[in-house]
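Please read these numbers as outputs of a predicted model, since none were measured by experiment.
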Amino acid sequence: MNLLPKRGTDFAKKDYWTEFFDKRKDPFEWYGTYLELSEYFIKYVKSNDEILMVGCGNSELSDELHDM
C-alpha cells in the first residue's frame with residue numbers, strides 16, 4: 001500500500017488524514033512497534049524522561065512506552 005499522497009500538499013489536508021486512517025483500521029506505526037524499537041528505548045530513555053508524541057494518529061506506541 002502506497003503511504004504517500006499524490007501531492008505533498010495533501011499532507012496538510014484533514015481529508016487526506018481522515019481517509020488515511022479510515023483505510024488502516026489497525027494501529028499504524030510510522031517507525032516501528034514498541035517491540036521493534038524497545039532496544040533503543042531501553043538504551044536511551046530513562047523511566048522519568050518526559051516524551052511528547054506529536055501527531056501520533058492511531059499509533060499504540062505512546063501507550064506501550066508509558067506502560068513500560
A.B. asks: Report whether Trp30 and Leu4 are members of the same hydrophobic cluster (ILVMFWY, side-chain heavy atoms less than 4.5 Å apart, transitive linking).
C.D. replies: yes
A.B. asks: If you apply the rule salt bridge (charged side-chain N to carboxylate O under 4.0 Å, His left out), what do you find for Asp10 with Arg7, and how did you get there?
C.D. replies: CA-CA 6 Å; Asp10 289 344; Arg7 295 170 300 281; 3.5 Å; yes
A.B. asks: Does the distance from a Lys or Arg side-chain N to an Asp or Glu carboxylate O, for Lys23 and Glu19, drop under 4.0 Å?
C.D. replies: yes
A.B. asks: At what distance, to the nearest 0.5 angstrom, does CG of Asn58 lie from CZ of Arg24?
C.D. replies: 9.5 Å
A.B. asks: Nearest 0.5 Å, what's the NE2-CE distance between His66 and Met53?
C.D. replies: 12.5 Å
A.B. asks: Using the ring centroid of each side chain, check whether Phe28 and Trp17 are separated by less than 6.0 Å.
C.D. replies: no
A.B. asks: Which ring pair (Phe, Tyr, Trp, His ring centres under 6.0 Å) pairs, counting each pair once, include a residue from residues 37-57, with sequence neighbours left out?
C.D. replies: Tyr34-Phe41
A.B. asks: Is it possible for you to say whether Tyr31 and Phe20 belong to one hydrophobic cluster, with membership spreading through side-chain heavy-atom contacts below 4.5 Å?
C.D. replies: yes
A.B. asks: So which atom in Gly57 and which in Phe21 form the shortest heavy-atom distance, rounded to 0.1 Å?
C.D. replies: CA-CZ, 3.7 Å
A.B. asks: Could you give the distance from CD (Glu64) to CG (Leu35), rounded to the nearest 0.5 Å?
C.D. replies: 7.0 Å
A.B. asks: Where the side chain of Asp63 meets the backbone of Glu60, is there a donor-acceptor pair that is under 3.5 Å apart?
C.D. replies: no
